[in-house]
Amino acid sequence: IYTVFMFETFRSSSKLINTFTKHTDTVWSIDYSTFDDCQFICSGSHDRTVRVWDIDNNKQIQPFDEHSNYVYCVKFSSYHYHNHRQNVICSSSHDKTISFWDFKHDKQLQIFYGHTNGVNGIEFSPFNGGRYLCSGSWDNTIRLWDVKTSKSLHVFNGHEDG
């Protein structure tokens, strides 16, 4: 069983607070956020799932298993929360897609298609309330997406396979 550990690091001596153990393979990515005064951790794994935990009660809220390949990156969407009061996770996968999951209402909201190989990294813009998303892929491109319109705005080429 593969685990996600949570540590208290703001004191002089770190201590283990909790261990989350639902993943069945390597955990590639985690993110932390607060929504409506609740603390959450999300994780993406080689087991093709995205999972969400409520830190306050140490319970898994929801697993999402719609990706058809490894999940390499997960991020909480500040855009959806600040603009629509939705609790949303964004995940990128080796299945070439980027997905948005509403974990409060247990549904998939959007899927971004465009990369021609696995998507290994995503990052929301620190400006415009997280409206823009960058993604990096094994197709040697970086894409800029508009989360509001679900459109790919630009493809940055020039990276070579190393």
Side-chain angles (χ1 to χ4, degrees), residues 1-6 18-36 38-125 129-155:
I1 292 191
Y2 291 77
T3 59
V4 175
F5 296 100
M6 193 173 112
N18 199 358
T19 304
F20 303 99
T21 58
K22 296 288 184 177
H23 283 293
T24 59
D25 210 332
T26 304
V27 176
W28 291 113
S29 178
I30 60 169
D31 197 18
Y32 165 87
S33 192
T34 57
F35 295 125
D36 300 323
C38 296
Q39 299 179 86
F40 299 99
I41 287 178
C42 65
S43 56
S45 171
H46 205 76
D47 67 11
R48 303 178 181 192
T49 66
V50 174
R51 296 180 185 271
V52 185
W53 286 275
D54 182 328
I55 295 172
D56 298 317
N57 65 19
N58 296 325
K59 297 213 187 278
Q60 180 178 258
I61 294 174
Q62 189 61 50
F64 296 100
D65 60 0
E66 299 298 317
H67 279 295
S68 62
N69 213 319
Y70 317 131
V71 178
Y72 282 117
C73 193
V74 289
K75 300 277 182 179
F76 286 102
S77 172
S78 56
Y79 173 79
H80 287 89
Y81 184 72
H82 293 301
N83 291 287
H84 306 291
R85 298 313 259 186
Q86 291 176 301
N87 297 353
V88 174
I89 300 164
C90 181
S91 60
S92 66
S93 171
H94 199 64
D95 67 10
K96 308 174 192 173
T97 67
I98 299 167
S99 294
F100 291 81
W101 316 88
D102 181 333
F103 64 89
K104 188 173 184 179
H105 297 103
D106 189 18
K107 63 181 179 180
Q108 191 173 46
L109 298 177
Q110 301 163 279
I111 302 176
F112 290 176
Y113 299 97
H115 283 293
T116 58
N117 206 331
V119 186
N120 60 342
I122 50 176
E123 189 68 49
F124 285 93
S125 61
R131 178 175 171 171
Y132 302 103
L133 180 76
C134 277
S135 58
S137 169
W138 275 282
D139 65 12
N140 300 328
T141 67
I142 296 170
R143 286 184 178 259
L144 179 64
W145 307 86
D146 184 333
V147 177
K148 181 178 181 180
T149 64
S150 300
K151 297 206 183 302
S152 176
L153 299 176
H154 193 74
V155 179

Worksheet item: Can D65 and R48 be counted as an ion pair, charged N to O under 4.0 angstrom?
Response: no
Worksheet item: Does atom NZ of K75 have more than 12 heavy-atom neighbours from other groups under 6.0 Å away?
Response: yes
Worksheet entry | CA sep, side-chain torsions, deciding dist, call: Y113, K96, side-chain contact (heavy atoms from CB on, under 4.5 Å) | CA-CA 7 Å; Y113 299 97; K96 308 174 192 173; over 6 Å; no
Worksheet entry | Side-chain donor/acceptor of S68 to backbone N/O of D95, under 3.5 Å | no
Discussion item. Set out, in order, the CA-CA distance, both residues' side-chain angles and the distance that settles side-chain contact (heavy atoms from CB on, under 4.5 Å) for K59 and W53, then state yes or no.
Written reply: CA-CA 6 Å; K59 297 213 187 278; W53 286 275; 6.0 Å; no
Worksheet entry | Value rounded to 0.5 Å, distance of OG in S77 from CZ in F35 | 7.5 Å
Item to complete: Look only at the side chain of S45 and the backbone of T26, and say whether a donor-acceptor pair between them is shorter than 3.5 Å.
Response: yes
Worksheet item: Just checking, any donor-acceptor pair under 3.5 angstrom between side chains of Q108 and S99?
Response: yes
Worksheet item: Do the non-hydrogen side-chain atoms of C134 and F124 ever get within less than 4.5 Å of each other?
Response: no
Item to complete: Keeping the roles fixed (side chain from S43, backbone from S29), state whether a donor-acceptor pair exists under 3.5 Å.
Response: no
Worksheet entry | Nearest heavy-atom neighbours spanning S92 and G121 | OG-N, 4.0 Å
Discussion item. How long is the straight-line distance from OH of Y132 back to NE2 of H154, given to the nearest 0.5 Å?
Written reply: 14.5 Å
Worksheet, complete the sentence: So NZ of K104 and CG of D102: to nearest 0.5 Å the spacing works out to 8.5 Å
Worksheet item: Is there a donor-acceptor pair closer than 3.5 Å between any side-chain N or O of R143 and the backbone N or O of G114?
Response: yes
Worksheet item: Stepwise, does the side-chain contact (heavy atoms from CB on, under 4.5 Å) test hold for L133 with F100?
Response: CA-CA 12 Å; L133 180 76; F100 291 81; 4.1 Å; yes
Practice prompt. Could you label the plane-to-plane angle of the W101 and H67 rings as parallel, tilted or perpendicular, counting under 30° as parallel and over 60° as perpendicular?
Written response: perpendicular
Discussion item. Test side-chain contact (heavy atoms from CB on, under 4.5 Å) on T49 and V71; report intermediate values, then the result.
Written reply: CA-CA 7 Å; T49 66; V71 178; over 6 Å; no
Worksheet item: Mind checking whether V147 and H80 have side chains closer than 4.5 Å, heavy atoms only?
Response: yes
Worksheet item: Are Y81 and D36 close enough that a side-chain donor and a side-chain acceptor fall under 3.5 Å?
Response: yes
Worksheet item: Between N83 and G129, which heavy-atom pair has the shortest distance, and what is it?
Response: ND2-O, 4.3 Å
Worksheet item: Taking C-beta and beyond as the side chain, do D31 and F40 meet within less than 4.5 Å on heavy atoms?
Response: no
Item to complete: Indicate yes or no: at least one non-hydrogen side-chain atom of I41 is less than 4.5 angstrom from one of V52.
Response: no
Worksheet item: Taking the side chain as C-beta and beyond, is there a heavy-atom pair between Y32 and Q39 under 4.5 Å?
Response: yes
Worksheet item: So, the side chain of D139 versus the backbone of T116: is there a donor-acceptor pair under 3.5 Å, distance only?
Response: yes
Worksheet item: Which value, rounded to the nearest 0.5 Å, describes the distance between L144 atom CG and L153 atom CG?
Response: 5.0 Å
Worksheet entry | Which atom of S137 lies closest to which atom of G118, heavy atoms considered | OG-O, 2.8 Å
Item to complete: Please examine the side chains of S135 and H115, heavy atoms only from C-beta on, and report whether any two atoms are closer than 4.5 Å.
Response: yes
Worksheet item: Tell me, do C90 and I98 make a side-chain contact under 4.5 Å, heavy atoms counted?
Response: yes
Practice prompt. Compare every heavy atom of K107 with every heavy atom of F64, then report the nearest pair and how far apart it is.
Written response: CE2-N, 4.2 Å
Worksheet item: According to the interplanar angle, ranging from 0 to 90°, do the rings of H94 and Y72 count as parallel (below 30°), tilted (30 to 60°) or perpendicular (above 60°)?
Response: perpendicular
Practice prompt. Evaluate the ring planes of F103 and F76, with Trp represented by its six-membered ring, and classify them as parallel (under 30°), tilted (30 to 60°) or perpendicular (over 60°).
Written response: perpendicular
Item to complete: Would you please say whether a donor-acceptor pair under 3.5 Å links the side chains of S150 and Q110?
Response: yes
Discussion item. Contact between E66 and V50 at the side-chain level, heavy atoms closer than 4.5 Å - yes or no?
Written reply: no
